[in-house]
Amino acid sequence: MSENYDPHALVDKWLPVWEQRGIFAAGGAADPRPRRYVVDMFPYPSGDLHMGHAEAFSIGDAIARFEMMRGSNVLHPIGWDSFGLPAENAAIKRGMDPRQWTYDNIEVQAESLRRLGISLDWRTRLHTSDPEYYRWTQWMFLRLYERGLAYRKASQVNWCPVDQTVLANEQVIDGRCERCDSIVTKRNLTQWFFAITAYADRLLTDMAALEGRWPEHVLTMQRNWIGRSVGAYVDFAVEGRAEPVRVFTTRPDTLFGATFFVVAADSALAEELCAAEARAEFEAYREKVSAETEIDRMREDRPKTGAALARDAVNPVNGERIPVYAADYVLAEYGTGAIMAVPAHDQRDLDFARAFDLPVRVVVDTRLPDPTETGIATAGDGALVNSGRYDGLRKEEAIAAITADLAAHGVGEAAVTYRLRDWLLSRQRYWGAPIPIVHCPDCGEVPVPVEQLPVRLPESGYSLRPAGGLSPLASATDWVATRCPRCDGEASRDTDTMDTFVDSSWYFLRYPTLLSETAGYDRALDREELALWAPVDQYIGGVEHAILHCLYSRFLVKALYDGGDLDFVEPFTALLNQGQVIMGGAAMSKSKGNLVDLQGELARYGPDAVRVTVLFAGPPEEDVDWADVSPTGSAKWLARVWRLASEIGGSGGGEDVASGDPTLRAVTHRAVEEVTRLVSAFRFNVAIARLMELTTALRRAVDAGGLSTDPGAVAIREGAEALARMVSIFAPFTAEDAWRLLRRSPTVHEAGWPVADPALVARESVTCVVQVAGKVRDRLAVPSAISADDLRALALSSDAARRALDGREIRTVVVRPPKLVNIVPA
RNA sequence: GCGAGAGUGGCGGAAUGGCAGACGCGCCGGACUUAGGAUCCGGUGCCUUCGGGCGUGGGGGUUCGACUCCCCCCUCUCGCACCA
């Protein structure tokens with residue numbers, strides 16, 4: 001053997017060959033092969049790739065390459081989610097342009113992906129921070145704006161009083177500013193929203209199409225996140241207010257049990273309802289609430305607090321006057337920000353009633369102990385009591401009857417509410433897509449005309465941390481000053497940028513467009529290319545994006561469909577959530593000092609061994625603990641595969657495979673059959689185990705002198721070629737060089753996936769276990785086509801079985817030909 | 001608290017209701033070696049009087065047969081967490 005296995009040298013040897021042959025570029029419209037669109041969640045360019053990326057891309061690549069090998073025309077694109085906060089923070093820290101940090105990192109990551117051997121079509125490469133991309137993000141915004149799905153309203157934002165700036169949610173760590181550690185408070189600012197709640201029902205109902213193709217728990221999480229509740233609105237007159245106050249309840253049947261009324265302490269409604277004599281107490285309470293940190297709010301079992309507003313509300317069903325309170329256990333953003341409190345049947349209301357010594361009235365007889373005594377509210381079903389003419393009705397009947405009567409009297413109606421809130425997309429940040437709106441003193445809010453897009457970020461004249469909590473863009477005064485697109489008067493640009501989740505909600509729609517030679521760059525979406533590829537057949541990414549990113553993408557696709565821009569309503573036909581790479585039982589982090597250095601592992605073992613290691617460690621959905629795995633084992637196996645090919649060389653070529661040794665051929669074909677099935681089910685760890693077994697079988701055949709006979713050499717070659725082809729989806733460099741060693745050309749990736757011959761997969765003889773009372777007592781070699789009667793006779797004549805039977809009578813014999821007989825003694 | 005998922009050797013993990021522990025790591029032994037952190041071969045759940053017995057978090061159940069299905073309990077992970 002003149003050569004040694006050098007996994008590092010193979011990278012430089014084969015990358016140029018693949019690239020020159022363009023074997024990972026998707027075929028165009030004329031390509032007759034079935035098309036498959038396989039998308040890995042695109043990376044955020046925070047430094048170089050880490051082990052988590054390596055795992056995700058190894059999985060996505062195995063899927064993409066498997067499809068390619070099986071004869072599909074695969075689009076496997078790549079891009080970067082390159083807007084976002086870390087670039088801005090790095091820029092502040094180092095006094096440089098966020099562009100430099102971002103694009104430097106992208107180059108590093110791109111080269112790392114290349115050298116991992118991922119089968120990407122680089123023609124799709126996009127960066128969300130490119131003006132050519134965010135131009136179309138702005139277009140998306142305008143498409144939604146046109147239809148009233150993007151709007152502005154006042155909203156609470158996180159505010160750091162020391163840094164004098166707004167903070168994104170992810171910058172608030174345990175209620176404190178991540179930069180200066182001061183306690184974050186809330187501030188009321190006018191913000192942009194997408195009306196995702198308008199799609200809440202469709203986001204729920206369309207999940208039916210995703211059942212079985214998305215992980216069940218992701219669908220569950222999305223359902224919980226959307227949080228649909230069915231109930232009714234009820235209008236309560238409140239003294240001193242012309243309009244009644246509307247509440248939402250899921251239990252209109254308990255309306256007679258309402259003994260007080262609560263509005264959210266931080267709502268405008270509380271402010272408005274507060275009577276003069278209660279003003280001082282209310283303001284003190286509100287003060288206390290707004291000073292509360294997230295830490296306090298998250299604490300479990302915190303006592304109920306509130307303040308009386310010295311007003312009464314009037315229960316519409318019986319005219320009863322009940323006192324109004326402000327409390328922080330009612331959320332301003334959910335429902336109407338006000339509730340009717342039914343302490344007997346709602347634990348939170350009961351807790352409040354006990355704290356404030358308010359009456360408790362049971363109106364549903366659940367046959368459980370009195371809540372007044374126990375302190376435990378009874379939420380279950382039962383017959384109504386103390387409810388006038390509704391007494392005796394069951395819960396569901398009462399809900400229907402009372403809701404109908406409320407509607408008939410114009411004091412309520414059936415209603416559905418959602419936990420899901422509209423998507424707050426404004427960010428007071430620099431490094432994002434500017435919101436394409438101009439504010440004109442005369443015309444108001446005016447969208448920037450599409451032909452004027454992109455609204456480019458200013459490249460100078462801005463401050464990343466302006467004083468007074470302004471958006472960075474507001475400090476770019478030259479940039480802000482513009483003319484109104486409608487009246488041409490002096491006007492100013494909107495100074496917020498979009499949440500980066502907007503950028504990432506549509507990138508998978510952009511990739512196919514970038515393949516189009518005719519469309520060029522004059523539109524966001526090329527319908528013809530999209531028709532070829534979209535929606536995504538297989539999406540691969542971390543479960544951390546299971547709710548937000550996936551939900552936002554689903555929303556945007558539906559909104560674009562409604563706007564006539566797309567022909568489908570779900571972006572991702574199938575979703576695979578890979579686990580994380582952890583270290584020593586915990587997520588990797590700098591502070592824990594348990595980082596696994598991807599480049600270090602690559603330098604030691606080469607890309608193939610790292611890829612095999614993450615795939616072999618366990619099922620793709622499970623976390624991989626790097627402390628538990630061994631790249632050494634993977635490297636050793638790959639070296640064995642390579643040496644095997646090296647020893648076989650050109651042997652066994654030029655003969656008909658049918659002349660090969662049938663025993664070894666059967667081993668090969670069974671491996672092919674199993675690996676094909678396993679990879680189809682994404683069971684890569686087991687597939688690799690089978691490939692290891694095939695490797696061992698071929699090794700044995702070679703060592704037994706198989707290469708010195710024609711049938712032996714032919715079967716060994718057939719097996720080694722099948723092995724190389726199958727290994728190529730996991731360890732492409734090693735497989736490619738093995739292919740060369742086997743004197744094959746041009747590339748293993750163009751050789752196609754091996755096909756199992758059913759005749760060789762079938763077994764003539766199998767091992768049958770003979771059980772007595774369910775315990776294995778003997779093993780028999782039997783023909784696989786054996787009849788039940790023959791097998792029964794054979795099993796009953798087994799010496800070992802008889803011994804175990806020990807003279808006992810036989811009650812019954814279970815025969816499952818050809819693999820099992822169970823003799824059951826009396 | 002609510003919801004979802006998971007508990008199998010020293011470790012990662014295999015097993016259409018039918019041979020528990022495939023494959024790999026680690027460990028033990030051997031071969032080849034000046035050497036071995038290379039390579040190859042063999043062994044490796046526990047107990048054992050060597051016949052066998054016991055074993056998939058614990059307890060029950062269904063079944064000829066249960067890691068697998070059902071019920072109860074324990075532990076862990078994840079998600080949500082005053083959502084009216």
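Predicted model, so just to flag it, every value in this text is computed and none were measured. Labels below follow one simple rule: chain letters A, B, ... track the order of the sequence lines, proteins then strands, and each chain is numbered from 1.
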Whole-Å distance separating the CD1 atom of A:Ile688 from the P atom of B:G13 = 14 Å
Take the protein atom CG of A:Asn685 and the nucleotide atom P of B:G24, then report the distance between them rounded to whole Å.
-> 13 Å
What's the closest nucleotide to the A:Pro619 side chain, out of B:A84, B:G79, B:A14?
-> B:A14
Hey, does A:Asn822 reach any base, or is it just sugar-phosphate, or nothing, if we go heavy atoms under 4.0 Å?
-> base
Can you figure out which of B:G18, B:G24, B:C80 approaches the side chain of A:Arg816 most closely?
-> B:G18
Are A:Arg670 and A:Glu674 close enough for a salt bridge, meaning some N to O gap below 4.0 Å?
-> no
With rounding to whole Å, what would you report as the distance between B:C72 and B:C2 at their P atoms?
-> 14 Å
Check whether any side-chain N or O of A:Arg683 sits under 4.0 Å from OP1 or OP2 of B:A15, and answer yes or no.
-> yes
Distance between the P atoms of B:U68 and B:G55, in whole angstroms?
-> 14 Å
When the distance from CG of A:Leu638 to P of B:U39 is rounded to whole Å, what number comes out?
-> 12 Å
Interatomic distance where CG belongs to A:Asp625 and P belongs to B:C25 [whole Å] | 18 Å
More than 12 heavy atoms of other residues, nucleotides or ligands under 6.0 Å from CZ of A:Arg419: is that the case?
-> yes
From the candidates B:C64, B:C80, B:C25, the one with an atom nearest any side-chain atom of A:Ser630 is B:C25
Between B:A22 and B:U44, how far is it from one P atom to the other, in whole Å?
-> 10 Å
Set out, line by line, the N/O atom pairs under 3.5 Å between protein and nucleotides 3-8 of chain B.
none

Tell me which nucleotide among B:C80, B:C64, B:A22 gets nearest to the side chain of A:Trp225.
-> B:C80
Identify whether any heavy atom of A:Arg228 sits under 4.0 Å from a base atom; if not, whether one sits that close to sugar-phosphate; answer base, sugar-phosphate or nothing.
-> nothing
For B:G58 versus B:G12, give the span between their C1' atoms, rounded off to a whole number of Å.
-> 25 Å
Which whole number of Å gives the distance between the P atom of B:G21 and that of B:G43?
-> 14 Å
Basic-acidic side-chain contact under 4.0 Å: A:Asp266, A:Arg286 | no
Using a 4.0 Å heavy-atom cut-off across all strands, classify A:Lys304 as base, sugar-phosphate, or nothing.
-> base
Under 3.5 Å side-chain donor-acceptor pair for A:Arg640 and A:Thr696 | yes
Among B:C19, B:G52, B:C64, find the nucleotide with the atom closest to the side chain of A:Thr767.
-> B:C19
Among B:G24, B:A84, B:G18, the one nearest any side-chain atom of A:Val330 is B:A84
Counting only heavy atoms not in A:Glu211, do more than 12 fall under 6.0 Å of its CD?
-> yes
Runs of at least three Watson-Crick or G-U pairs with RNA chain B, cut-off 3.5 Å | B:1-7 with B:74-80, B:10-12 with B:23-25, B:26-31 with B:39-44, B:45-47 with B:52-54, B:57-61 with B:69-73
Respond yes when some side-chain nitrogen or oxygen of A:Arg700 is under 4.0 Å from OP1 or OP2 of B:G42, and no when none is.
-> yes
Judged by nearest nucleotide, the residue sitting upstream toward the 5' end of RNA chain B, A:Asp346 or A:Arg811, is A:Arg811
A:Arg763, CZ: over 12 other non-hydrogen atoms inside 6.0 angstrom | no
What does A:Gly227 touch in the nucleic acid at a heavy-atom separation under 4.0 angstrom: a base, only the sugar-phosphate, or nothing?
-> nothing
Nearest to the side chain of A:Tyr334 - B:C25, B:A84, B:G24?
-> B:A84
For B:G24, does the O4'-C1'-N9-C4 (purine) or O4'-C1'-N1-C2 (pyrimidine) torsion place it in syn, i.e. within 90° of 0, or in anti?
-> anti
Per A:Leu331 side chain, nearest of listed nucleotides B:G18, B:U39, B:A84 | B:A84
Just to confirm, is there a sub-4.0 Å distance from OP1 or OP2 of B:U39 to any side-chain nitrogen or oxygen of A:Arg699?
-> no
Can you tell me the distance, in whole Å, between the CH2 atom of A:Trp626 and the C1' atom of B:C11?
-> 16 Å
Can A:Tyr329 and A:Asp349 be counted as having a side-chain donor-acceptor contact under 3.5 angstrom?
-> yes
Assign A:Val629 to base, sugar-phosphate, or nothing according to its heavy-atom contacts below 4.0 angstrom with the strands shown.
-> nothing
What residues form a ring pair (Phe, Tyr, Trp, His ring centres under 6.0 Å) with A:Phe193, not counting sequence neighbours?
-> A:Tyr151
Measure from CZ on A:Arg223 to C1' on B:G79 and round the result to the nearest Å.
-> 14 Å
Quickly work out the A:Asp623 CG to B:G13 C1' distance and round it to whole Å.
-> 14 Å
Kindly label the base of B:G5 as syn or anti, based on whether its glycosidic torsion lies within 90° of 0.
-> anti
Closest to the A:Val686 side chain: B:A14, B:A84, B:C23?
-> B:A14
Quick one: closest heavy-atom pair of A:Leu638 and A:Thr734, and the distance?
-> O-CG2, 3.7 Å
For A:Leu203 and A:Arg554, which heavy atoms make the closest approach, and how far apart are they?
-> O-NH2, 2.7 Å
Looking at A:Tyr325 versus A:Phe261, is the centre-to-centre ring distance below 6.0 Å?
-> no
Which pair of heavy atoms, one from A:Gly606 and one from A:Pro7, lies closest together, and at what distance?
-> CA-CB, 4.4 Å
C1' atoms of B:C80 and B:G26, separation to the nearest Å = 40 Å
Could you check which of B:G18, B:G53, B:C23 has an atom nearest any side-chain atom of A:Glu693?
-> B:C23
To the nearest Å, how far apart are A:Asp703 CG and B:G42 C1'?
-> 14 Å
Between A:Phe356 and A:Phe352, what is the ring plane arrangement, given parallel below 30°, perpendicular above 60°, and tilted in between?
-> parallel
Pairwise P distance for B:G1 and B:C46, with rounding to whole Å | 39 Å
Please measure how far the C1' atom in B:C71 lies from the corresponding atom in B:C19, and state the result in whole Å.
-> 29 Å
Taking for each residue the nucleotide of RNA chain B bearing the nearest heavy atom, is the 5' side occupied by A:Arg690 or by A:Ala332?
-> A:Arg690
Does A:Ser229 make a side-chain N or O approach to OP1 or OP2 of B:A84 shorter than 4.0 Å?
-> yes
